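Single-structure report; data block below.
Computed over heavy atoms, backbone and side chain alike; hydrogens, waters and symmetry mates excluded. Since the model is a prediction, treat every value here as computed from it, not as a measurement. Quick note: residue numbers are just sequence positions, from 1.
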Amino acid sequence: MANLCVRAARQSYLYLASPSLSRSSPRWLCTAAQRQNGQGPEHEAEKLEQSAAEKASAEEKSQLEGQLKEVTEKYKRALADTENLRVRSQKMVEDAKLYGVQGLCKDLLEVADILEKATESVPKEEVTARNPHLKSLYDGLVMTEAQVQKVFTKHGLVKINPDGQKFDPYEHEALFHAPIDGKVPGTVAVVTKVGYKLHGRTLRPALVGVAKAS
């Protein structure tokens, strides 16, 4: 800016002889040069105003981006919660379909136990053609028991007869532990009452006696 003022002053001395320019001062020429080059006070004020506007705009942009990020995170969490709720509700509905007959099945197990005991109590040597009435009754009981088990299997109810298997506290209920010859310790030696599973879930544990080391 100083160079411009010096140059303007030199030019003014060259034109002192001119009546129209004799009244012009170097200061006036310097100010005119500044205005011509866009470096006056108005330009500086405009630059400051523009800088403040840009700063305010950047702050507003940063604030809006932060709000957008927060809203996006909340939206994602809401979607995840909704999906988890949907999965849990669907599982509850499926479980209700599978295990809704649990109470009825427990009652029917008593009927199956009676049929099983009835067939086991009949002396096999008496079931011959010499006793046609007993044979007919026995055959009817066997057929009825088989049909009951078929219906159970159809609805996911499976019998548990763990004779000789390793004792499992989730499927078996131990009535006693005793040393038994020919039985491996920790295995089921006696089955007092068979158990049942409903769709893989233990509905009634088998009542058993477990062999132990002598």
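A salt bridge does not link E94 with K91: none of the charged nitrogens is closer than 4.0 Å to a carboxylate oxygen.
You'll find the side chain of L137 stays beyond 4.5 Å of the side chain of V122, heavy atoms only. Under the 4.5 Å side-chain criterion, counting only non-hydrogen atoms from C-beta, D113 is in contact with R204.
S57 places no side-chain N or O within 3.5 Å of a backbone atom of A53 that could act as its donor or acceptor partner. Without hydrogens or angle criteria, H155 side chain to H199 main chain gives no donor-acceptor distance under 3.5 Å. Between the side chain of T72 and the backbone N or O of L68, at least one donor-acceptor pair lies under 3.5 Å.
Between L141 and T119, the shortest heavy-atom contact is CB-CG2, 3.6 Å.
Cluster annotation: L207 is not connected to L109 through the hydrophobic network of ILVMFWY side chains, with a link wherever side-chain heavy atoms come within less than 4.5 Å.
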Hey, mind stepping through K69 and E65 against salt bridge (Lys or Arg N to Asp or Glu O under 4.0 Å) and telling me if it holds?
-> CA-CA 6 Å; K69 184 178 180 180; E65 287 177 348; over 6 Å; no

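Enclosure of atom CD in E60 is not indicated, since only 12 or fewer non-hydrogen atoms of other residues, nucleotides or ligands lie within 6.0 angstrom. In the displayed structure, K124 atom NZ is contacted under 6.0 Å by more than 12 heavy atoms of other residues, nucleotides or ligands. For D181, the CG atom is loosely surrounded, since the number of other residues' heavy atoms within 6.0 Å does not exceed 12. Atom NZ of K135 sits in a sparse spot, with 12 or fewer heavy atoms from other residues, nucleotides or ligands closer than 6.0 Å.
Rounded to the nearest 0.5 Å, atoms OG1 (T144) and CD1 (I114) are 13.0 Å apart. Between the OG1 atom in T202 and the NE2 atom in H172 there is a gap of 8.0 Å [rounded to 0.5 Å]. With rounding to the nearest 0.5 angstrom, the CG atom of D95 is 10.5 Å from the CD atom of Q102. Note that CG of D168 is 9.0 Å distant from CD1 of I160, once rounded to the nearest 0.5 Å. The CD atom of E116 lies 5.5 Å from the CD atom of E145; values are rounded to the nearest 0.5 Å. For the atom pair NZ of K166 and CD of E171, the computed distance is 13.0 Å after rounding to the nearest 0.5 Å.
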